[in-house]
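Okay, so here's the structure we're looking at.
Heavy atoms only: backbone and side chains are in, while hydrogens, waters and symmetry mates are out. Quick note on labels: first sequence line is chain A, next is B, and so on, each numbered from 1.
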Protein chains: 2
Amino acid sequence: MSGFERYHRILRCFLHSESQWSVKALAETLDLPASTLYRGIRELVQHRFLESVGDSSYRLGPAFLEFERRLRESDPFIQSGGIFLPSLVRQSPIPICAALCRLHGHEVMCVADARTQGFEGSTAYERGRLMPILYGATSKAVLAGLPLRRRDKIIADAAAQTTVDVVYLTAQLRQLKKQGFLITRGEVDARLAGVAASITLPNDGIYASLTLIAHQSDLTHAIESRLAELVMTHASLIRQFMA
Amino acid sequence: MSGFERYHRILRCFLHSESQWSVKALAETLDLPASTLYRGIRELVQHRFLESVGDSSYRLGPAFLEFERRLRESDPFIQSGGIFLPSLVRQSPIPICAALCRLHGHEVMCVADARTQGFEGSTAYERGRLMPILYGATSKAVLAGLPLRRRDKIIADAAAQTTVDVVYLTAQLRQLKKQGFLITRGEVDARLAGVAASITLPNDGIYASLTLIAHQSDLTHAIESRLAELVMTHASLIRQFMA
DNA sequence: CTATTTTTCTCACTAAATGAGAACATACGA
DNA sequence: TCGTATGTTCTCATTTAGTGAGAAAAATAG
């Protein structure tokens with residue numbers, strides 16, 4: 001084990017499954033001796049990436065709040081979420097959640113979100129959440145905005161791991177570019193539908209999308225049109241804000 | 001240089017002053033050769049703690065969003081902020097900001113916040129923000145809930161670095177314990193005032209406070225009383241929720 | 001296509017991480 | 001109060017990794 005990976009292996013444990021770990025449990029999971037682990041954990045605690053929770057176990061520490069805040073306040077794209085999403089969801093005729101998602105490497109992550117008071121949805125579209133790369137309007141709108149070479153590489157890599165109808169996907173992307181938005185139903189959460197538009201800013205290296213998520217049961221043709229209109233106008237506002 | 005500090009030195013640069021750094025600037029600031037830095041940065045980029053921004057500079061990466069989200073969803077104390085703060089600010093007669101802050105080591109950090117639409121305040125009371133330990137209602141309410149020994153140690157350590165009237169501070173803490181809340185005016189931001197109550201959960205090792213921040217110009221005696229009432233009832237609600 | 005900048009690589013050298021076990025610290029119950 | 005169990009740090013011989021100057025390669029600009 002070497003370099004940052006040494007620390008990241010420990011931190012990763014806290015992302016998945018349990019949010020609190022005893023040293024003993026970590027030692028079994030990572031197959032490392034306690035003495036080595038205690039050293040790594042102590043360093044992470046000193047730098048606030050972990051914190052001790054009393055009953056001889058550990059959890060993620062306040063450093064993540066501090067760094068995340070810095071990211072939030074310094075990243076203009078995340079800021080645009082804070083500026084435009086609240087007023088966007090207020091204009092919706094039905095309860096919705098709005099999510100701004102961005103490509104990082106080969107993964108799409110939600111970087112800002114807002115929801116109407118009535119929208120008691122899942123936390124699937126919440127800042128910090130990773131999206132499935134080939135499913136849902138969100139990721140498809142990101143893919144649609146990508147340079148062809150990069151898009152194909154991502155699709156090929158991802159398709160190797162899951163079973164996806166690439167022909168259908170390509171058709172959806174074509175449709176998205178043509179009409180400016182895409183509606184998908186039940187692809188991520190069976191009860192929900194997404195209406196998404198691309199936000200591509202090649203100069204900043206940002207490939208992203210804006211998605212409105214609503215309960216399928218709330219949707220009518222008229223409402224779908226309204227949401228499509230909202231998502232396109234606001235995607236445009238965000239593009240202008242970033243330029 | 002050794003261990004995690006090697007990486008933390010790099011990351012710290014992004015917290016203060018600039019949010020984007022070129023390798024050249026980092027090399028000068030940290031007094032390290034470029035080859036060493038490139039290695040460290042590459043590791044941090046691979047693990048998404050940094051990301052490249054095209055014009056040969058770097059910024060904080062999406063890993064912080066991911067870890068912060070995990071913290072937010074798994075920490076019951078932060079959750080209690082999400083549950084109680086929105087309804088709390090809605091009950092205020094004037095525009096306010098509500099902040100839930102917690103002691104981590106020798107520092108007080110805001111871990112959750114909410115504000116009324118009309119409150120166009122600073123971001124001084126925002127999740128992830130560190131508070132001055134000896135100024136303001138927020139930190140004083142945290143100190144007031146601390147076991148005496150720990151309180152005295154923190155005050156002594158912090159007072160050595162700034163000039164503080166410890167006698168006055170002690171009097172304020174006494175008053176806070178007696179009446180259940182404390183009002184300070186202009187201690188953190190000259191235009192603002194804070195009304196705070198302690199939230200102490202020794203079983204969880206949580207020493208914290210709830211603060212309402214308002215513009216001093218909006219305050220009357222009647223409103224102060226109302227805010228004091230709100231802050232005490234909600235601090236109590238959060239205590240119960242955590243138990 | 002060339003010049004310049006950014007990034008990675010190489011390698012001799014230095015320094016740090018590892019892990020087993022002992023030692024220390026702490027909490028708990030008798 | 002005293003053991004006892006558990007959690008945490010320490011020690012040290014050994015293995016492994018980090019360092020930095022400069023060369024080389026890649027990417028970018030002119």
Side-chain angles (χ1 to χ4, degrees), chain A residues 1-14 18-61 104-105 146-147 149-150 153 201-207, chain B residues 1-14 18 20-61 105 147 149-150 153 201-206:
Chain A
M1 201 49 41
S2 84
F4 193 72
E5 176 67 14
R6 200 146 51 87
Y7 303 100
H8 198 247
R9 278 188 70 188
I10 298 173
L11 292 175
R12 262 203 302 269
C13 293
F14 293 83
E18 294 309 310
S19 64
Q20 290 197 12
W21 287 80
S22 67
V23 175
K24 201 179 163 204
L26 278 174
E28 286 168 13
T29 301
L30 299 175
D31 192 28
L32 286 172
S35 60
T36 301
L37 263 174
Y38 270 114
R39 233 174 318 170
I41 289 171
R42 188 173 47 205
E43 284 187 87
L44 288 167
V45 169
Q46 279 164 354
H47 292 93
R48 304 164 172 283
F49 280 64
L50 289 180
E51 75 177 350
S52 169
V53 295
D55 65 332
S56 75
S57 61
Y58 298 85
R59 64 157 55 161
L60 295 175
H104 289 280
L146 236 43
R149 232 163 262 179
R150 195 157 166 204
K153 171 133 184 56
L201 304 157
N203 297 333
D204 303 300
I206 292 176
Y207 299 95
Chain B
M1 200 50 42
S2 82
F4 193 72
E5 176 67 14
R6 198 148 50 89
Y7 303 100
H8 197 247
R9 278 188 71 188
I10 297 173
L11 293 174
R12 262 203 304 269
C13 292
F14 293 84
E18 296 308 310
Q20 290 197 13
W21 288 79
S22 68
V23 174
K24 202 180 162 203
L26 278 174
E28 285 167 15
T29 302
L30 298 175
D31 192 28
L32 285 172
S35 60
T36 302
L37 264 175
Y38 271 113
R39 230 173 320 162
I41 289 171
R42 187 174 47 205
E43 285 187 85
L44 288 168
V45 169
Q46 279 164 354
H47 293 93
R48 304 166 172 281
F49 279 65
L50 289 180
E51 73 177 351
S52 170
V53 295
D55 66 333
S56 75
S57 63
Y58 299 85
R59 65 158 53 161
L60 295 176
R149 237 164 256 181
R150 194 158 165 204
K153 174 133 183 55
L201 305 157
N203 296 334
D204 303 299
I206 291 177

**Q.** Short N-O contact, B/R59 and B/E18, less than 4.0 angstrom
**A.** no
Q | B/R48: side-chain hydrogen bond (donor to acceptor under 3.5 Å, both in side chains) partners, not counting sequence neighbours | A | A/E107
Q. Rounding to a whole Å, what distance do you find between B/Y38:OH and C/dT8:P?
A. 7 Å
Q | Partners passing salt bridge (Lys or Arg N to Asp or Glu O under 4.0 Å) against B/E43 (at least two apart in sequence or in another chain) | A | none
Q) How does each nucleotide of nucleotides 20-30 of chain D score, in 5' to 3' order, for protein heavy atoms under 4.0 Å: base (B), sugar-phosphate only (S), or none (-)? A) BBB--------
Q: Figure out the OH/C1' separation between B/Y7 and C/dA17, and round it to whole Å.
A: 12 Å
Q. To the nearest angstrom, how far is B/R6 atom CZ from D/dA17 atom P?
A. 12 Å
Q: May I ask you to evaluate whether B/R42 reaches the phosphate of D/dG18, defined as a side-chain N or O under 4.0 Å from OP1 or OP2?
A: no
Q | Under the side-chain contact (heavy atoms from CB on, under 4.5 Å) test, residues paired with A/S56 that sit two or more places apart | A | none
Q: Could you pick out which residue, B/G3 or B/S57, lies toward the 5' side of DNA chain C when each is mapped onto its nearest nucleotide?
A: B/S57
Q: Please state how far atom CD1 in B/I10 lies from atom P in D/dG18, giving the value in whole angstrom units.
A: 13 Å
Q) Which whole-number value in Å describes the distance from A/L37 CG to D/dT8 C1'? A) 12 Å
Q | Results of side-chain hydrogen bond (donor to acceptor under 3.5 Å, both in side chains) for B/Q46 - residues two or more places apart only | A | none
Q. Roughly, in whole Å, what's the span from CD in A/E5 to P in D/dA17?
A. 12 Å
Q.
Just to verify, what does A/K24 make a side-chain hydrogen bond (donor to acceptor under 3.5 Å, both in side chains) with, not counting sequence neighbours?
A. none
(Q) Whole angstroms only, please: what is the CG-C1' distance between A/L30 and C/dG19? (A) 15 Å
Q) When all nucleic acid strands are considered with a 4.0 Å heavy-atom cut-off, which category describes A/F4: base, sugar-phosphate, or nothing? A) nothing
